[in-house]
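Data first, discussion second: the structure below is written as structure tokens.
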Amino acid sequence: MVTKLSISSAAGVFDAIVAGPPEGRPVLLLHGFPQTGLVWRRQIAALAAHGYRVVAPDQRGYSPGARPQRPEDYRIGLLVDDVVAITEELGWAAFDLVGHDWGGAVAWWTAHAHPGRVRTLTVVSTPHPGALATALRTDQDQRKRSHYMIDWREAPATEERMLAHDAQELRGLYAGKVPQDSVEAYVRHLSQPGALTAALNWYRAGRPDGAIGVIGVPTLYVWSTEDIAFGPAAAQETRRWVDGPYRFEILRGVSHWLPEEAPESLSSLLLEHLRAHGEYGTAVNPLSADPPQR
């Protein structure tokens, strides 16, 4: 059974959905733009059915109780701090981490900053930030794909345009690949006062404070050939940024909205990855986790 949960932290209160036995191996799922934790509902059901404890929070800006106004309050370091704070509040010394879109970027940075906490990493769609930076320098196709990030930094014109005419432009982003009931839920959520601005502030926050290196934790990267945002150059380059166990899976004919367009395929890959790197019920040694960074 999926239930709702409020998770308090120094940054505010995060809304989340949770499923699976409390004693199950913990998995944290991070959504991207313009969605919420609801994006993972099919994966939550699949993981919970196999005995995992699954939590999918609405991230900073998407949770009304954790919605600062300034763009600089959405820097990547603060988003990583949120992951640590949420998992500490849940009592998780270590956990499996999954992310899509912006949630994937946060997942890459979290695995780099806290390798002792992240048991396994699964990233959907989003290449390693270093790989994306390389592609932006060397690949004209990726530069074209990423140009929207520049356009969306214009405020408040972007919000006004996306929400005009019953959120016609916002609805169009889902390209008919997301279930209609989910689209309606996302549009209602992002139509709340200040919600869309907070979500777009992820794009307006500026460059990361530092550099990200290679990832050492067991990593599954799932990319789809019809992804409009991330092209093959960055996807293939990601291999050079992981020196731990690495699996790269390509889903052909699937768009950027992979968790909802191909839920069974993604859930199957995710379960295989988790099983390959620790059986369900494996005890977590708290001493193996690095201390939280403040």
Side-chain angles (χ1 to χ4, degrees), residues 1-32 35-41 43-45 47-48 51-70 73-100 102-123 189 195 198-199 201-202 205 217 270 274 278 280-294:
M1 177 184 295
V2 176
T3 59
K4 295 182 178 180
L5 181 68
S6 294
I7 304 170
S8 298
S9 77
V13 179
F14 293 91
D15 299 330
I17 49 179
V18 57
E23 70 278 8
R25 175 172 156 183
V27 184
L28 189 73
L29 303 170
L30 304 177
H31 69 86
Q35 299 177 297
T36 65
L38 179 67
V39 67
W40 299 112
R41 61 179 177 177
Q43 289 73 41
I44 290 170
L47 291 172
Y52 293 89
R53 180 66 167 176
V54 193
V55 175
D58 291 349
Q59 294 199 80
R60 178 179 291 233
Y62 294 84
S63 286
R67 186 174 287 165
Q69 296 182 355
R70 303 181 307 166
D73 289 326
Y74 293 83
R75 300 189 310 275
I76 195 70
L78 295 175
L79 303 174
V80 171
D81 288 346
D82 289 344
V83 172
V84 174
I86 287 169
T87 54
E88 284 187 336
E89 182 65 23
L90 293 169
W92 296 355
F95 53 95
D96 298 283
L97 183 59
V98 184
H100 172 248
W102 260 114
V106 176
W108 284 116
W109 281 93
T110 302
H112 177 256
H114 301 280
R117 290 186 177 274
V118 178
R119 186 202 298 259
T120 69
L121 174 67
T122 299
V123 180
H189 192 92
N201 278 344
W202 288 54
V217 305
L270 180 53
L274 296 177
Y280 160 70
T282 300
V284 174
N285 177 9
L287 297 179
S288 68
D290 57 350
Q293 297 183 3
R294 300 299 185 189

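All heavy atoms count here, side chains included; hydrogens, waters and symmetry mates do not.
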### Task
With sequence neighbours left out, write down each residue that passes ring-ring contact (aromatic ring centres under 6.0 Å, His included) with His112, or none if nothing qualifies.
none

### Task
Please answer whether the main-chain N or O of Leu38 pairs with a side-chain N or O of His31 as donor and acceptor at a distance below 3.5 Å.
no

### Query
So which heavy atom on Ala94 is nearest to which on Gly116, and how close?
CB-O, 4.2 Å

### Query
Could you give the distance from OG1 (Thr122) to CD (Gln43), rounded to the nearest 0.5 Å?
11.0 Å

### Query
How close do Tyr62 and Gly32 get, heavy atom to heavy atom, and via which atoms?
OH-O, 3.8 Å

### Query
Which heavy-atom pair separates Tyr74 from Gly61 by the least distance, and what is that distance?
OH-CA, 3.5 Å

### Message
Just to verify, what does Asp15 make a side-chain contact (heavy atoms from CB on, under 4.5 Å) with, not counting sequence neighbours?
### Response
Ser6, Asp58, Ser63, Pro64

### Query
Arg60 versus Asp73: any side-chain heavy-atom pair under 4.5 Å?
yes

### Query
Where do Ala48 and Val54 come nearest, in terms of heavy atoms and distance?
N-CG2, 4.0 Å

### Query
Is there side-chain contact between Leu79 and Asp82, with at least one heavy-atom pair below 4.5 Å?
yes

### Task
For Thr110, enumerate each residue passing the side-chain hydrogen bond (donor to acceptor under 3.5 Å, both in side chains) test, keeping only those at least two apart in sequence or located in another chain.
none

### Task
Return the set of residues passing side-chain contact (heavy atoms from CB on, under 4.5 Å) with Ala56 (not counting sequence neighbours), or none when no residue passes.
Ile17, Leu29, Trp40, Ile44

### Pairwise side-chain contact, Val84 with His114, heavy-atom cut-off 4.5 Å (strictly under)
yes

### Query
Taking it one step at a time, do Gln69 and Asn201 satisfy side chain to side chain contact (heavy atoms under 4.5 Å, CB included)?
CA-CA 8 Å; Gln69 296 182 355; Asn201 278 344; 5.9 Å; no

### Message
Run the salt bridge (Lys or Arg N to Asp or Glu O under 4.0 Å) test against Arg67 and tell me which residues pass, sequence neighbours left out.
### Response
none

### Message
Would the distance check show the side chain of Arg119 and the main-chain N or O of Asp96 forming a donor-acceptor pair, the cut-off being under 3.5 Å?
### Response
no

### Task
Could you tell me which residues satisfy side-chain hydrogen bond (donor to acceptor under 3.5 Å, both in side chains) with Arg75, sequence neighbours excluded, listed by chain and number?
none

### Task
With sequence neighbours excluded, tell me which residues meet side-chain contact (heavy atoms from CB on, under 4.5 Å) with Ala111.
Val118, Leu121, Ile215, Val217

### Query
Heavy atoms, side chains only, cut-off 4.5 Å: are Gln59 and Trp102 in contact?
no

#### Entry: Thr87: partners by side-chain contact (heavy atoms from CB on, under 4.5 Å), with sequence neighbours left out
Leu28, Trp92, Phe95

### Task
Mind listing the closest non-hydrogen atom pair of Pro57 and Ala16 along with its distance?
CA-CB, 3.7 Å

### Query
To the nearest 0.5 Å, what is the distance between CD (Glu88) and CG (Asp81)?
10.0 Å

## Note on the structure
Taking every heavy atom of Val123 against every heavy atom of Gly104, the minimum-distance pair comes out as CG1-CA, 3.8 Å

### Residue pair Val55, Ile7: steps toward the side chain to side chain contact (heavy atoms under 4.5 Å, CB included) verdict
CA-CA 10 Å; Val55 175; Ile7 304 170; 4.1 Å; yes

### Query
Can you name the residues that form a side-chain hydrogen bond (donor to acceptor under 3.5 Å, both in side chains) with Gln35, not counting sequence neighbours?
Glu260

